[in-house]
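As a basis for the values below, the full set of heavy atoms in this structure was taken, side chains included, without hydrogen atoms, waters or symmetry mates.
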Amino acid sequence: MTTKKKPTVYITRKLPDAVETRMRELFDAELNIDDTPRSKTELIAAIKSADVLVPTVTDRIDAALIEEAGPQLKLIASFSNGTDHIDVEAAARKGITVTNTPNVLTEDTADMTMALILAVPRRLGEGARVLTDHPGEWPGWSPTWMLGRRIHGKRIGIVGMGRIGTAVARRAKAFGLSIHYHNRKRVNPATEDELEATYWESLDQMLARVDIVSVNCPSTPATFHLLSARRLALLQPTAYLVNTARGDVIDETALIKSLREGKLAGAGLDVFENEPAVNPKLIKLANEGKVVLLPHMSSATIEGRIDMGDKVIINIRTFIDGHRPPNRVLPGR
């Protein structure tokens with residue numbers, strides 16, 4: 001009796017132990033135990049021999065790389081919600097299916113977005129540093145010291161009212177914020193009614209009228225520098241900007257200029273235009289209390305990462321069994 005050969009699966013980064021254990025049980029899986037990012041040379045070698053590639057958002061799977069793939073590679077099962085790091089069109093031309101892991105990071109990302117919405121106006125980063133950077137120097141409570149801004153009663157403008165944007169809106173409404181949003185199309189009336197949300201077809205008009213902007217749209221060619229220098233100039237000088245989506249949605253140079261010149265009250269950023277590099281000017285602004293910076297950790301929960309791994313496994317198993325994987329990403333979507 002012959003045993004069916006397990007598909008070879010190449011995993012580019014360290015995944016939670018529970019996910020890796022299941023991967024080894026089901027597949028001939030090559031793990032990345034030390035979590036060192038794979039070089040382009042290593043990725044090329046992998047796709048020449050593996051049946052399935054499991055990349056993450058830090059792996060650039062462009063057309064040139066895909067062209068190097070061997071005929072046996074038929075699936076790129078990305079461990080990610082977004083697929084802007086993969087040339088899906090090039091994969092389709094090569095006959096390679098692409099999948100992702102949607103809908104598992106919504107609540108985690110929305111939680112962190114809300115945390116930044118609170119942290120920036122209420123100066124949480126500055127307050128924490130007073131105690132840790134200068135121990136023993138805090139003189140005690142004072143009526144006029146470390147005054148921030150109240151968020152209750154303010155208007156929040158959500159850029160991108162998908163699952164994450166809607167989850168942010170629900171949290172913001174519970175904190176007493178008035179919900180405004182811009183999206184390619186309006187959400188359904190029931191959701192608008194639930195959130196008492198105001199839809200703005202014009203992003204420009206919305207930006208000029210809100211107190212807090214939350215960026216929750218995907219990174220696409222259409223959203224590159226969506227918040228350009230011109231649009232940032234529309235914001236009120238008392239407004240705050242929070243981004244937990246993708247760094248390139250905002251023109252980072254223009255944002256730094258706005259913050260430096262006092263044309264924007266503050267910003268909370270979990271993503272950066274050239275990450276993992278962070279502009280030194282942003283770090284300087286953080287030290288001055290004008291921004292709160294986080295290292296792309298809005299989706300970083302144990303539960304979320306395991307859920308992502310489960311989706312990757314389901315996509316691979318479904319594909320190997322000859323069926324359409326549930327999270328297939330189509331070109332142009």
Side-chain angles (χ1 to χ4, degrees), residues 109-110 113-123 147-218 220 222-271 285 290-292:
T109 304
T113 304
M114 197 65 219
L116 284 171
I117 289 170
L118 290 166
V120 181
R122 294 304 306 271
R123 304 175 67 180
L147 298 182
R149 289 282 183 175
R150 177 185 297 164
I151 69 164
H152 185 278
K154 300 296 194 297
R155 298 185 181 96
I156 183 171
I158 296 173
V159 182
M161 195 73 154
R163 291 183 181 88
I164 294 173
T166 302
V168 170
R170 289 195 173 100
R171 286 159 174 75
K173 185 174 186 294
F175 276 84
L177 287 155
S178 173
I179 309 303
H180 297 251
Y181 76 97
H182 169 78
N183 208 39
R184 287 183 299 173
K185 58 182 180 180
R186 294 183 74 150
V187 301
N188 65 68
T191 300
E192 270 196 6
D193 290 345
E194 172 203 348
L195 299 172
E196 301 178 53
T198 300
Y199 171 65
W200 293 86
E201 185 175 359
S202 167
L203 175 59
D204 289 6
Q205 291 183 15
M206 183 187 80
L207 292 175
R209 292 167 172 81
V210 295
D211 305 295
I212 300 167
V213 175
S214 177
V215 179
N216 301 108
C217 60
T220 68
T223 62
F224 178 77
H225 283 188
L226 181 67
L227 293 189
S228 59
R230 181 187 68 78
R231 285 200 167 112
L232 290 172
L234 298 173
L235 292 167
Q236 303 172 63
T238 54
Y240 298 90
L241 176 64
V242 169
N243 186 12
T244 56
R246 285 290 187 268
D248 62 8
V249 176
I250 300 174
D251 182 337
E252 204 168 86
T253 301
L255 173 62
I256 290 168
K257 187 172 186 290
S258 293
L259 289 163
R260 176 61 60 206
E261 295 177 354
K263 295 178 180 178
L264 193 61
L269 307 175
D270 184 51
V271 289
L285 286 167
K290 293 184 171 64
V291 298
V292 174

Side-chain donor/acceptor of Tyr240 to backbone N/O of Leu118, under 3.5 Å: no
In the structure I gave you, are the side-chain heavy atoms of Leu195 and Met161 within less than 4.5 Å of one another anywhere? yes
So, does Ser258 use its side chain to make a donor-acceptor pair with the main chain of Lys263 at under 3.5 Å? no
Apply side chain to side chain contact (heavy atoms under 4.5 Å, CB included) to Thr238 and Lys154, showing your working. CA-CA 11 Å; Thr238 54; Lys154 300 296 194 297; over 6 Å; no
Check whether any side-chain heavy atom of Val291 lies under 4.5 Å from a side-chain heavy atom of Val120, and answer yes or no. no
Heavy atoms, side chains only, cut-off 4.5 Å: are Thr253 and Lys257 in contact? no
Please examine the side chains of Leu207 and Leu227, heavy atoms only from C-beta on, and report whether any two atoms are closer than 4.5 Å. yes
Can Asp251 and Arg231 be counted as an ion pair, charged N to O under 4.0 angstrom? no
Out of curiosity, Ser202 OG to Arg209 CZ, how far, rounded to the nearest 0.5 Å? 8.0 Å
Is there side-chain contact between Asp204 and Arg230, with at least one heavy-atom pair below 4.5 Å? yes
Any sub-3.5 Å donor-acceptor pair from Thr223's side-chain atoms to Leu226's backbone N or O? no
Separation of Met206 CE from Glu201 CD (nearest 0.5 Å): 13.0 Å
What is the distance from atom CD1 of Ile256 to atom NZ of Lys290, rounded to the nearest 0.5 Å? 13.0 Å
Polar side chain donor-acceptor pair, Thr113 to Thr244, under 3.5 angstrom: yes
Taking only residues two or more places apart in sequence, or in another chain, which ones meet Ala110 in a side-chain contact (heavy atoms from CB on, under 4.5 Å)? Ala167, Val168, Arg171
With rounding to the nearest 0.5 angstrom, report the CG to CZ distance, Leu147 to Arg123. 7.0 Å
Main-chain N/O of Val187 paired to Tyr181 side chain as donor or acceptor, under 3.5 Å: yes
Criterion side chain to side chain contact (heavy atoms under 4.5 Å, CB included) against Val213, the qualifying member of Leu232, Leu241, Ile117, Ile156: Leu241
Give a yes or no answer on whether the side chain of Asp211 reaches the backbone of Arg155 with a donor-acceptor pair at less than 3.5 Å. yes
Using a strict 4.0 Å threshold on nitrogen-to-oxygen distance, state whether Glu194 and Arg170 make a salt bridge. yes
Least distance between heavy atoms, Asn183 atom then Tyr199 atom: O-OH, 3.3 Å
In Å, rounded to the nearest 0.5 Å, how long is the span from CG of Leu116 to CG of Asn243? 9.5 Å
Minimum side-chain heavy-atom gap Arg186-Glu192 below 4.5 Å: yes
Donor-acceptor check, side chain of Asn216 to backbone of Ile164, threshold 3.5 angstrom: yes or no? no
Run the side chain to side chain contact (heavy atoms under 4.5 Å, CB included) test on Arg260 and Leu285 for me, step by step, so that the C-alpha distance in whole Å, both residues' side-chain angles and the decisive distance to 0.1 Å come before the verdict. CA-CA 8 Å; Arg260 176 61 60 206; Leu285 286 167; 3.4 Å; yes
Can you name the side-chain contact (heavy atoms from CB on, under 4.5 Å) partners of Asp248, sequence neighbours left out? Ser219, Phe224, Arg246, Glu273
So, taking the atom named CD1 in Ile212 and the one named CD1 in Ile158, what distance separates them when rounded to the nearest 0.5 Å? 10.5 Å
